[in-house]
S.K.: 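This structure is in structure tokens; I'll ask about it shortly.
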2 protein chains.
Amino acid sequence: MNGNSKDMLKLDNQLCFALYACSKEIISLYKPYLNAHGLTYTQYITLLVLWEQDSLSVSELGNKLLLDSGTLTPLLKKLEKSQLIERVRDKDDERIVKVYLTEKGRMLQESFLELPQKMFCNSGIKLEEAINLKAMLNQLLGNIRKL
Amino acid sequence: MNGNSKDMLKLDNQLCFALYACSKEIISLYKPYLNAHGLTYTQYITLLVLWEQDSLSVSELGNKLLLDSGTLTPLLKKLEKSQLIERVRDKDDERIVKVYLTEKGRMLQESFLELPQKMFCNSGIKLEEAINLKAMLNQLLGNIRKL
DNA sequence: TAATATTGCATTGCGTACAATAAGATTGTA
DNA sequence: TACAATCTTATTGTACGCAATGCAATATTA
């Protein structure tokens with residue numbers, strides 16, 4: 001990686017493309033497991049958050065997932081239609097819509113308990129490298145979001 | 001990061017989410033620069049490939065960008081409408097559509113020569129870390145795509 | 001060479017992803 | 001208590017991203 005301007009415009013020299021491609025390819029590894037339960041990746045990570053902490057508002061979910069209401073509103077409506085969550089407008093502050101897991105939604109967690117381990121194996125990466133990689137990504141994410 | 005199944009289902013413990021979030025956030029850093037020239041990120045990386053090697057077929061572009069024809073066909077039509085590329089069906093094999101930069105498309109590269117350097121600074125990451133991170137991502141990508 | 005298989009692109013449909021905007025509710029303050 | 005500012009969600013429009021399908025062109029093979 002030298003400093004030549006045109007070399008740096010090569011796709012293979014771009015960190016951003018490596019991130020973009022890796023993200024898509026790893027998500028594609030999840031798909032067969034998620035499709036088996038009728039879920040998309042975005043729906044899955046939304047459930048991950050709710051399994052960790054139930055009863056969040058749309059904006060709280062958005063903050064954790066880095067998604068805005070334009071993405072979340074239709075997605076949450078689909079999860080509601082699948083009877084995995086309920087959307088309830090807050091009585092005290094009617095601007096807020098709170099999201100609750102249904103019993104069905106809560107139970108669904110059981111089906112995914114082994115998935116992280118399975119995905120880790122599929123990735124063919126070493127544990128130490130995965131930890132290292134995630135740490136670097138989180139630091140990069142922190143840098144960006146502080147701007 | 002211990003081995004508890006429920007802990008591994010926490011969003012913060014998921015390498016995939018770190019990739020997904022990082023990818024989106026870095027792409028969002030590109031947007032102001034790309035919008036100034038009427039480009040999206042996907043259109044930009046398509047041009048990156050063509051600046052490096054002109055006259056590729058749709059499938060060759062797809063192999064490099066890891067995108068399929070359902071994504072590329074409408075995107076290439078937009079770039080053609082902007083007069084940055086031309087799409088020409090191959091005379092020898094009429095199944096093939098070859099993509100050529102126009103003079104306007106070739107000249108546009110000049111506007112982006114400094115962008116990689118600028119984005120690197122914006123990311124607040126150290127050079128050594130960026131190199132390390134990209135290497136790990138490319139290795140991970142290689143692992144996945146060998147399956 | 002006729003039948004079959006494969007290849008390469010285009011189309012459709014669904015689901016994000018996000019900017020811009022709208023609309024309703026709440027809060028702060030004069 | 002008006003009322004402006006802010007907050008929160010919803011809607012709209014544009015652009016991917018990909019699976020599934022269609023179809024025309026080419027390659028293969030019996």
Side-chain angles (χ1 to χ4, degrees), chain A residues 16-17 20-32 34-47 56-63 65-82 85 87-99, chain B residues 16-17 19-32 34-47 56-82 85 87-99:
Chain A
C16 184
F17 178 72
Y20 165 79
C22 244
S23 167
K24 284 194 308 168
E25 293 299 313
I26 289 205
I27 287 174
S28 79
L29 289 186
Y30 277 81
K31 283 183 185 172
L34 300 179
N35 285 346
H37 295 276
L39 292 178
T40 65
Y41 181 73
T42 317
Q43 291 166 8
Y44 170 65
I45 60 177
T46 302
L47 289 174
L56 292 169
S57 69
V58 174
S59 64
E60 287 170 330
L61 275 170
N63 287 337
L65 296 166
L66 309 186
L67 294 171
D68 76 359
S69 69
T71 302
L72 280 175
T73 297
L75 183 150
L76 293 171
K77 286 181 177 177
K78 275 167 215 152
L79 289 178
E80 188 173 40
K81 194 167 284 182
S82 313
I85 64 163
R87 295 160 64 253
V88 181
R89 199 164 284 277
D90 190 296
K91 289 231 167 57
D92 295 332
D93 185 342
E94 295 225 341
R95 293 172 302 182
I96 298 175
V97 170
K98 287 216 170 177
V99 179
Chain B
C16 184
F17 178 72
L19 280 165
Y20 165 79
C22 246
S23 168
K24 285 193 309 167
E25 293 298 313
I26 289 205
I27 287 174
S28 79
L29 290 185
Y30 277 82
K31 284 184 183 169
L34 300 178
N35 285 346
H37 296 276
L39 292 178
T40 64
Y41 181 72
T42 317
Q43 291 167 10
Y44 170 65
I45 59 176
T46 301
L47 289 174
L56 292 169
S57 71
V58 174
S59 64
E60 287 169 329
L61 275 170
N63 287 337
K64 287 175 186 288
L65 295 166
L66 308 186
L67 294 171
D68 76 0
S69 70
T71 302
L72 281 176
T73 296
L75 183 149
L76 292 171
K77 286 182 176 177
K78 277 168 212 152
L79 289 178
E80 189 173 40
K81 194 166 282 181
S82 312
I85 65 163
R87 294 160 64 252
V88 182
R89 200 163 283 275
D90 190 295
K91 289 233 167 56
D92 295 333
D93 185 341
E94 295 225 343
R95 293 172 302 182
I96 298 175
V97 169
K98 287 216 171 178
V99 179

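Computed over heavy atoms, backbone and side chain alike; hydrogens, waters and symmetry mates excluded. In what follows, chains are A, B, ... by sequence order, proteins preceding strands, each numbered from 1.
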S.K.: Taking the nucleotide of DNA chain C with the closest heavy atom to each, which residue, B:D93 or A:I27, is nearer the 5' end?
M.R.: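 Taking each residue's closest nucleotide, the earlier one in sequence belongs to B:D93.
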S.K.: Look up atom CZ in B:F17 and atom CD1 in A:I27, then write down how far apart they are to the nearest 0.5 Å.
M.R.: 10.0 Å
S.K.: Could you state the CG-C1' distance from A:L79 to C:dT16, rounded to the nearest angstrom?
M.R.: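 Nearest whole value for this atom pair: 13 Å.
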S.K.: Give the rounded distance in Å between these two atoms: CZ of A:F17 and C1' of D:dG17.
M.R.: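 Result: 13 Å.
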S.K.: Considering only C:dA19, C:dT26, D:dC16, which nucleotide approaches the side chain of A:E94 most closely?
M.R.: C:dT26
S.K.: Got a donor-acceptor contact below 3.5 angstrom from the B:S82 side chain to the B:K78 backbone?
M.R.: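 It does hold such a pair.
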S.K.: For a quick check, with a 4.0 angstrom heavy-atom cut-off, what is the B/S/- contact string for nucleotides 9-14 of chain D, read 5' to 3'?
M.R.: SBB---
S.K.: Which residues in residues 19-26 of chain B have a heavy atom closer than 4.0 Å to any atom of DNA chain C?
M.R.: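 Under 4.0 Å from DNA chain C: B:Y20, B:K24.
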S.K.: Between C:dC18 atom P and B:L34 atom CG, what is the distance in whole Å?
M.R.: 15 Å
S.K.: Mind checking the OG1-CZ spacing from A:T73 to A:R87? Nearest 0.5 Å is all I need.
M.R.: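 It comes to 6.5 Å.
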S.K.: Rounded to whole Å, how long is the line connecting atom CG of B:L61 with atom P of C:dA10?
M.R.: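 The distance from CG of B:L61 to P of C:dA10 comes to 12 Å, rounded to the nearest Å.
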S.K.: What is the nucleic acid contact for B:D92, judged by heavy atoms within less than 4.0 Å: base, sugar-phosphate only, or nothing?
M.R.: sugar-phosphate
S.K.: If we only count heavy atoms from C-beta on, is the B:L61 to B:L67 side-chain gap below 4.5 Å?
M.R.: no
S.K.: Could you tell me the separation between the NZ atom of A:K31 and the P atom of C:dC14, rounded to a whole number of Å?
M.R.: 16 Å
S.K.: Does the plane of the ring in B:Y30 sit parallel, tilted or perpendicular to the ring in B:Y44? Use 30° and 60° as the thresholds.
M.R.: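 If you compare the ring of B:Y30 with that of B:Y44, the planes turn out tilted.
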S.K.: For the pair A:S59 and A:S57, evaluate side-chain hydrogen bond (donor to acceptor under 3.5 Å, both in side chains) and give the outcome as yes or no after the intermediate values.
M.R.: CA-CA 5 Å; A:S59 64; A:S57 69; 3.2 Å; yes
S.K.: With heavy atoms under 4.0 Å as the rule, sort B:L72 into base, sugar-phosphate or nothing.
M.R.: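 Touches nothing.
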S.K.: Can you identify which nucleotide, out of D:dC16, C:dA17, C:dA25, has its nearest atom closest to the B:T40 side chain?
M.R.: D:dC16
S.K.: Measure CG/B:L66 against C1'/D:dC18 and give the value in whole Å, please.
M.R.: 13 Å
S.K.: In whole Å, what is the span from the CG atom of B:L75 to the P atom of D:dA15?
M.R.: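 Result: 10 Å.
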S.K.: Name the residue from A:I85, A:V99, A:L75 that meets the side chain to side chain contact (heavy atoms under 4.5 Å, CB included) definition with A:E80.
M.R.: A:I85
S.K.: From A:T46 OG1 over to A:L76 CG, what is the distance, rounded to the nearest 0.5 angstrom?
M.R.: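 Answer for the OG1-CG pair, A:T46 versus A:L76, is 6.5 Å.
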S.K.: In whole Å, I'd like the distance from the CG atom of B:D90 to the C1' atom of D:dA27.
M.R.: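 Nearest whole value for this atom pair: 16 Å.
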S.K.: Going by heavy atoms in the side chains, are A:T42 and B:Y20 under 4.5 Å from each other?
M.R.: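 Yes, close enough: below the 4.5 Å cut-off.
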S.K.: Could you check whether A:D68 gets within reach of a base, just the sugar-phosphate, or nothing at all, counting any heavy atom under 4.0 Å?
M.R.: base
